[in-house]
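For reference, the structure discussed in these notes is given below.
Values below: every heavy atom of this structure, side chains too, minus hydrogens, waters and symmetry copies.
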Amino acid sequence: MKVKFTLNMENLTVNEMHIDRLCISWINEVTEEEVLSMSGQWINSPNFLTQRMIGLKKVGESSLTIEPIEETSSI
């Protein structure tokens with residue numbers, strides 16, 4: 001299924017530079033199991049972002065929104 005991910009981060013430090021707010025949005029094809037796994041890791045790992053993003057040293061507030069995208073068929 002196609003899913004839209006939106007990652008919002010506030011008060012972050014990347015390569016020694018302070019950034020007030022950053023929003024990253026992308027669409028990816030994933031399975032339901034992958035969505036559940038990512039959601040679980042996000043909730044249970046306090047260092048989820050800093051372990052996965054090169055140069056990211058600190059994040060104040062962050063949120064991850066996962067929305068399924070309905071695909072319409074053309075006639």
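Side-chain atoms of Glu34 come within 3.5 Å of backbone N or O of Thr31 as a donor-acceptor pair. Looking at Ser37, its side chain never comes within 3.5 Å of a backbone N or O of Glu33 through a donor-acceptor pair. Side chain of Glu29 to main chain of Met1: a donor-acceptor pair is present (N/O by atom type, distance under 3.5 Å, no hydrogens or angles).
Taking hydrophobic clusters as Ile, Leu, Val, Met, Phe, Trp and Tyr residues chained together by side-chain heavy-atom distances below 4.5 Å, Val59 does not share a cluster with Ile54. In the hydrophobic cluster analysis, where Ile, Leu, Val, Met, Phe, Trp and Tyr join through side-chain heavy atoms closer than 4.5 angstrom, Ile43 is grouped together with Ile66.
Here the side chains of Cys23 and Thr6 are in contact, with some heavy-atom distance below 4.5 Å. Inter-residue side-chain proximity for Ser62 and Leu49 is flagged as met; some heavy-atom pair is nearer than 4.5 Å. Contact of the Trp42 side chain with the Leu7 side chain is registered, since non-hydrogen atoms from C-beta on lie closer than 4.5 Å. Here the side chains of Phe48 and Met38 are in contact, with some heavy-atom distance below 4.5 Å. Within the 4.5 Å cutoff, no side-chain heavy atoms of Leu12 are placed close to those of Lys57. Between Val3 and Asn28 there is no side-chain heavy-atom pair separated by less than 4.5 Å.
The neighbour count for Gln51 CD, taken as heavy atoms of other residues, nucleotides or ligands under 6.0 Å away, is above 12.
Ring orientation note: the planes of Trp26 and Phe5 are close to parallel, at an angle under 30° on the 30°/60° scale.
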Check against side-chain contact (heavy atoms from CB on, under 4.5 Å), Arg21 and Glu61: CA-CA 9 Å; Arg21 175 177 277 173; Glu61 296 285 323; over 6 Å; no
- request: Dump the intermediate steps for side-chain contact (heavy atoms from CB on, under 4.5 Å) on Glu10 and Ile19, then the final yes or no.
  value: CA-CA 7 Å; Glu10 294 182 6; Ile19 300 172; over 6 Å; no
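Taking CD from Glu67 and OG from Ser25, the interatomic distance works out to 8.0 Å, rounded to the nearest 0.5 Å. Distance CG/Leu64 to CD1/Ile24: 10.5 Å, rounded to 0.5 Å. Atom CE of Met53 is separated from atom CE of Met9 by 4.0 Å, given to the nearest 0.5 angstrom.
Partners of Ile27 under the side chain to side chain contact (heavy atoms under 4.5 Å, CB included) rule, at least two apart in sequence or in another chain, are Lys2, Lys4, Ile69.
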